[in-house]
Amino acid sequence: MRFTVEDIDTSEVARRKALYGPLTEVVRELIDATIRTEVDDDTIREVHAQVRAATDRLRARQSDGPFGVRFTNDGDGMAWGNAVIGLRNAIAPPLTIARDPDGTHRSQFVLGAAYEGPPGLVHGGICALVLDQILGMTALAGDKPSFTGTLTLRFRRSTPLGPLRAQARVDRVEGVKTFVVGSLSDADGVTVEAEGVFILPAWARE
Ligand SMILES: CCCCCCCCCCCCCCCC(=O)SCCNC(=O)CCNC(=O)[C@H](O)C(C)(C)COP(=O)(O)OP(=O)(O)OC[C@H]1O[C@@H](n2cnc3c(N)ncnc32)[C@H](O)[C@@H]1OP(=O)(O)O
């Protein structure tokens with residue numbers, strides 16, 4: 001499992017964020033444009049070649065696997081490949097998840113064309129993805145890992161593509177198990193309710 005420490009300081013983290021963040025954002029836009037474009041065939045073929053060439057340039061030097069979750073000596077966490085919050089992951093919406101003083105975690109975000117299931121609606125698996133992340137981050141206590149054991153969803157009504165909110169809070173802790181509840185909402189209220197059991201794995205227990 002790739003939890004690693006990188007010997008870099010906060011200013012180097014900031015430099016990398018400024019470098020990779022805009023690249024990820026433009027690739028994210030490219031995904032949306034690829035779904036929605038109605039330009040002519042020749043333009044599609046030209047852009048295909050340009051994107052192929054750009055991809056080959058990036059691949060000229062790359063890591064031999066996923067990004068992993070890296071920490072700096074200053075304790076900064078870099079989950080930059082994460083499918084929901086990853087700074088370097090263009091398929092991440094991405095979510096910025098804030099923690100209230102009472103421990104509730106919240107996020108406001110927009111899901112566009114890349115997250116469609118039924119027409120105009122968010123794919124159910126994407127609802128699960130977002131809720132797993134926010135419930136999982138809510139379950140984290142200090143530097144202890146916490147893995148999803150069970151995630152239960154109730155889809156109360158369809159979730160429209162567009163601006164959304166998610167929130168989560170710890171319901172209770174029983175030994176190595178943290179029970180978290182949360183929801184996904186649109187402007188009219190809750191669309192999906194979630195309950196999760198997050199577990200400190202045996203290999204991480206003292
Ligand atoms: C800003 C950057 C910061 C960086 C910071 C990192 C950020 C990065 C993001 C973090 C947020 C990630 C949010 C996504 C979270 C995932 O996506 S995690 C990935 C999906 N989950 C998995 O892959 C888990 C796979 N399963 C496993 O690894 C193991 O089965 C588990 C769940 C760890 C449990 O195994 P175990 O440790 O051997 O557990 P075990 O000792 O048998 O049982 C312990 C207790 O749990 C119960 N239990 C066991 N399995 C289950 C289960 N599946 N369901 C319910 N209860 C269970 C047992 O009954 C037992 O209960 P008690 O007897 O204590 O009452």
Side-chain angles (χ1 to χ4, degrees), residues 1-21 24-25 28 63 65-101 103-109 111 115 122-154 164-184 192-206:
M1 198 166 308
R2 294 178 64 143
F3 290 105
T4 52
V5 175
E6 256 196 77
D7 188 16
I8 55 173
D9 62 16
T10 304
S11 68
E12 175 59 12
V13 173
R15 189 193 70 79
R16 293 187 190 183
K17 279 185 178 171
L19 179 67
Y20 291 113
T24 308
E25 190 48 50
R28 191 172 287 130
S63 64
F67 187 86
V69 177
R70 306 180 192 177
F71 292 89
T72 68
N73 289 324
D74 297 334
D76 286 322
M78 297 183 291
W80 288 0
N82 182 283
V84 185
I85 61 171
L87 178 91
R88 289 182 59 173
N89 190 340
I91 68 165
L95 261 63
T96 301
I97 297 175
R99 182 183 186 281
D100 292 349
T104 302
H105 283 59
R106 297 177 196 281
S107 185
Q108 292 194 36
F109 51 94
L111 295 182
Y115 305 101
V122 181
H123 194 294
I126 298 295
C127 298
L129 176 77
V130 164
L131 285 162
D132 189 28
Q133 182 70 30
I134 192 165
L135 268 67
M137 287 182 71
T138 304
L140 286 178
D143 57 359
K144 304 266 189 201
S146 183
F147 284 75
T148 317
T150 301
L151 182 66
T152 308
L153 303 181
R154 182 180 169 92
L164 297 167
R165 288 174 288 120
Q167 65 172 52
R169 65 172 174 80
V170 172
D171 182 51
R172 63 191 189 283
V173 178
E174 291 176 9
V176 296
K177 295 180 290 188
T178 302
F179 294 78
V180 186
V181 293
S183 61
L184 184 63
V192 186
E193 292 169 334
E195 290 176 16
V197 186
F198 293 84
I199 299 165
L200 175 67
W203 55 262
R205 291 173 211 152
E206 288 296 280

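Whatever order the structure lists ligands and atoms in, that order sets their numbers, starting from 1.
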Would you give the length of the straight line joining atom CE of M137 to atom CD1 of I97, rounded to the nearest 0.5 angstrom?
4.5 Å
Any protein heavy-atom neighbour for atom 42 (O) of ligand 1 (distance below 4.0 angstrom)?
no
Regarding S11 and D9, is there a side-chain donor-to-acceptor distance under 3.5 Å anywhere?
yes
Give a yes or no on whether atom 58 (C) of ligand 1 lies under 4.0 Å from any heavy atom of the protein.
no
Taking atom 3 (C) of ligand 1 as the reference point, the nearest protein heavy atom with its distance
G77 CA, 4.1 Å
Measure across A194 and L153 and return the closest heavy-atom pair with its distance rounded to 0.1 Å.
CB-CD2, 3.5 Å
Does the side chain of F198 reach to within under 4.5 Å of the side chain of K177, using non-hydrogen atoms?
no
Atom 56 (N) of ligand 1: the protein heavy-atom neighbour that sits closest, reported with distance to 0.1 Å
I199 CD1, 3.5 Å
Going by atom types only, do Q167 and R106 share a side-chain donor-acceptor pair under 3.5 Å?
yes
For atom 24 (C) of ligand 1, which protein heavy atom lies nearest, and how many Å away is it?
T148 O, 3.4 Å
To which protein heavy atom is atom 10 (C) of ligand 1 closest, and what is the distance rounded to 0.1 Å?
L140 CD1, 4.1 Å
Heavy-atom contacts under 4.0 Å between R205 and ligand 1: side chain, backbone, both, or neither?
side chain
Can you tell me which residue and heavy atom of the protein come closest to atom 12 (C) of ligand 1, and the distance to 0.1 Å?
Q133 OE1, 4.0 Å
Over 12 non-hydrogen atoms of neighbours within 6.0 angstrom of CZ in R154
no
Which residue holds the protein heavy atom closest to atom 38 (O) of ligand 1, what is that atom called, and what is the gap in Å?
A202 CB, 4.0 Å
If we count only non-hydrogen protein atoms and require a distance under 4.0 Å, does atom 22 (C) of ligand 1 qualify as touching the protein?
yes
Do D7 and N73 have side-chain atoms, one donor and one acceptor, less than 3.5 Å apart?
yes
Where on L135 is there a heavy atom closer than 4.0 Å to ligand 1, on the side chain, on the backbone, on both, or on neither?
neither
Any salt bridge between K17 and E12, counting N to O under 4.0 Å?
no
Side chains of I85 and W80, heavy atoms from C-beta outward: is any pair under 4.5 Å?
no
Protein non-hydrogen atom found under 4.0 Å from atom 26 (N) of ligand 1
no
Can you pull out the closest protein heavy atom to atom 62 (P) of ligand 1? Residue, atom name and distance to 0.1 Å, please.
K177 NZ, 3.7 Å
Can you report which non-hydrogen protein atom sits closest to atom 53 (N) of ligand 1, along with the distance?
G149 O, 2.9 Å
Taking every non-hydrogen atom, the tightest pair across L164 and L111
CD1-CD1, 3.7 Å
Nearest protein heavy atom to atom 31 (C) of ligand 1: under 4.0 Å?
no
If we number the atoms of ligand 1 from 1 as shown, the ones under 4.0 Å from a heavy atom of T150 are 52 (C), 53 (N), 54 (N), 55 (C)
Given the protein's heavy atoms, is any one of them under 4.0 Å from atom 17 (O) of ligand 1?
yes
Counting from 1 in the order shown, the ligand 1 atoms closer than 4.0 Å to a non-hydrogen atom of V176 are 44 (C), 45 (C)
Does N89 offer a backbone N or O that forms a donor-acceptor pair with the side chain of R28 under 3.5 Å?
yes
